[in-house]
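Reminder, nothing fancy here: chain letters follow the sequence lines and each chain counts from 1. The basis for the numbers below is simple: all heavy atoms, side chains too, and nothing from hydrogens, waters or symmetry mates.
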2 protein chains.
Amino acid sequence: MINDDSEAKQPIKIKSTQDLGQLVREYRVAQKMTQADILGLANTGNRFIVELENGKPTVQFQKVLDVLDALGLELAVRINGSLK
Amino acid sequence: MINDDSEAKQPIKIKSTQDLGQLVREYRVAQKMTQADILGLANTGNRFIVELENGKPTVQFQKVLDVLDALGLELAVRINGSLK
DNA sequence: ATAATAAATTACCGTATGGTAATTTTATTT
DNA sequence: AAATAAAATTACCATACGGTAATTTATTAT
């Protein structure tokens, strides 16, 4: 491999629930966690994880926060384009 | 006033929907926008804005993105504590 | 290939979202 | 204080979220 530690450590912009789902899945997999692992930590059902990772637009905000937290991720709001 | 430009330009961590609502309201007011202004831009009803600003946990994710966008804000995900 | 593990789909269904629009309450302005 | 504007509340209600749990499909491992 060329670059062992290729995972970007910078914040990743979330423009859509698609972005969100993709990020969650990638990070979960990178962490070698299963969906079931998260179910327990985030207190949710399998349907939610699947729908979240598939980019469902209507997932509830707090539940997303729970899942992100279970993954060791956090959300931040910033001014458009700042820090690009 | 002691510090005229006191608004932090750094990303603001969102730990809860309370944080989110507070931030949205503060930023909206700072921008001298009314709730009604956002209704149009974000294609939503007054109920949503009120509930969002009041920290309702179950607001739908995509709608939140819409409102943030209308305010010129964006969401980012980062690793817990990175950039603290 | 088989077995085992993980992910996705589905049905059932109680509950809650959120739009609309009218009304009330609160805040701001003159 | 009156008037104006903004924010919040409410009722009505169609839509759909999301838990559970079983089933199916896909992926990984032996």
Side-chain angles (χ1 to χ4, degrees), chain A residues 1 4-7 12 14-75 77 79, chain B residues 1 4-7 12 14-75 77 79:
Chain A
M1 65 202 73
D4 191 35
D5 202 2
S6 56
E7 274 310 322
I12 292 164
I14 302 296
K15 303 177 65 175
S16 67
T17 50
Q18 293 291 330
D19 290 355
L20 177 68
Q22 182 180 336
L23 183 148
V24 165
R25 172 163 294 162
E26 285 175 0
Y27 198 79
R28 173 180 62 77
V29 171
Q31 233 64 20
K32 294 203 168 57
M33 299 174 99
T34 71
Q35 290 181 340
D37 289 335
I38 297 180
L39 299 192
L41 295 173
N43 250 68
T44 183
N46 66 322
R47 244 183 84 166
F48 183 75
I49 297 289
V50 171
E51 291 177 338
L52 167 59
E53 291 192 351
N54 274 69
K56 191 184 194 186
T58 54
V59 289
Q60 299 183 357
F61 200 90
Q62 184 59 61
K63 282 189 205 302
V64 173
L65 284 181
D66 293 344
V67 170
L68 291 179
D69 197 53
L71 284 169
L73 297 174
E74 65 185 26
L75 262 189
V77 173
I79 296 176
Chain B
M1 64 205 72
D4 190 33
D5 201 2
S6 55
E7 274 307 322
I12 293 163
I14 302 296
K15 304 177 66 175
S16 67
T17 50
Q18 294 291 330
D19 290 354
L20 178 67
Q22 183 179 335
L23 182 149
V24 165
R25 171 164 295 161
E26 285 176 359
Y27 197 79
R28 173 180 62 78
V29 171
Q31 233 64 21
K32 293 202 167 60
M33 300 174 97
T34 71
Q35 290 180 341
D37 289 335
I38 296 180
L39 300 194
L41 294 174
N43 250 69
T44 184
N46 66 320
R47 243 182 84 167
F48 184 77
I49 297 288
V50 171
E51 291 177 338
L52 167 59
E53 290 192 352
N54 275 68
K56 190 184 195 189
T58 54
V59 289
Q60 300 184 355
F61 200 91
Q62 183 59 61
K63 281 191 205 303
V64 174
L65 285 182
D66 293 345
V67 170
L68 291 179
D69 196 52
L71 284 169
L73 297 173
E74 65 186 24
L75 261 189
V77 173
I79 296 177

Could you pull out every donor-acceptor pair under 3.5 Å between side chains of residues 54-64 of chain B and any protein atom, sequence neighbours left out?
| residue | atom | partner | partner atom | Å |
| --- | --- | --- | --- | --- |
| B:Lys56 | NZ | B:Glu51 | OE1 | 3.1 |
| B:Lys56 | NZ | B:Glu51 | OE2 | 3.3 |
| B:Gln62 | NE2 | B:Asp66 | OD1 | 3.2 |

Expected list for residues 38-46 of chain A: side-chain donor-acceptor pairs under 3.5 angstrom, two or more places apart:
none

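By the side-chain contact (heavy atoms from CB on, under 4.5 Å) test, B:Gln31 is found to be paired with B:Tyr27, B:Met33, residues two or more places apart in sequence or in another chain being considered. In terms of the side-chain hydrogen bond (donor to acceptor under 3.5 Å, both in side chains) criterion, residue partners of B:Gln22 (sequence neighbours excluded) are, by chain and number, B:Glu26.
Pairs passing the salt bridge (charged side-chain N to carboxylate O under 4.0 Å, His left out) check and including a residue from residues 28-38 of chain B, sequence neighbours excluded, read B:Arg28-B:Glu53. Applying the ring pair (Phe, Tyr, Trp, His ring centres under 6.0 Å) test to residues at least two apart or on different chains, none of the pairs has a partner in residues 33-55 of chain B.
In this structure, the separation between OG1 on A:Thr34 and CD1 on A:Ile49 is 9.5 Å, given to the nearest 0.5 Å. Taking CD1 from A:Ile14 and CG from A:Leu68, the interatomic distance works out to 8.0 Å, rounded to the nearest 0.5 Å.
Contacts with DNA chain C (heavy atom under 4.0 Å) in residues 38-47 of chain A: A:Asn46, A:Arg47, listed by number. Contacts of residues 54-65 of chain A with DNA chain D (heavy atom under 4.0 Å): A:Lys56, A:Thr58, A:Val59, A:Gln60, A:Lys63.
If you walk DNA chain D from 5' to 3' and mark each nucleotide with an atom closer than 4.0 Å to a heavy atom of chain A, the marks span D:dC17 to D:dA22.
Closest approach of A:Leu75 to B:Val77, counting heavy atoms only: CD2-CG2, 3.7 Å. A pairwise comparison of heavy atoms in A:Thr17 and B:Leu65 identifies N-CD1, 4.1 Å as the closest pair.
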Which pairs, protein N/O on one side and nucleotides 23-27 of chain C N/O on the other, fall under 3.5 Å?
none

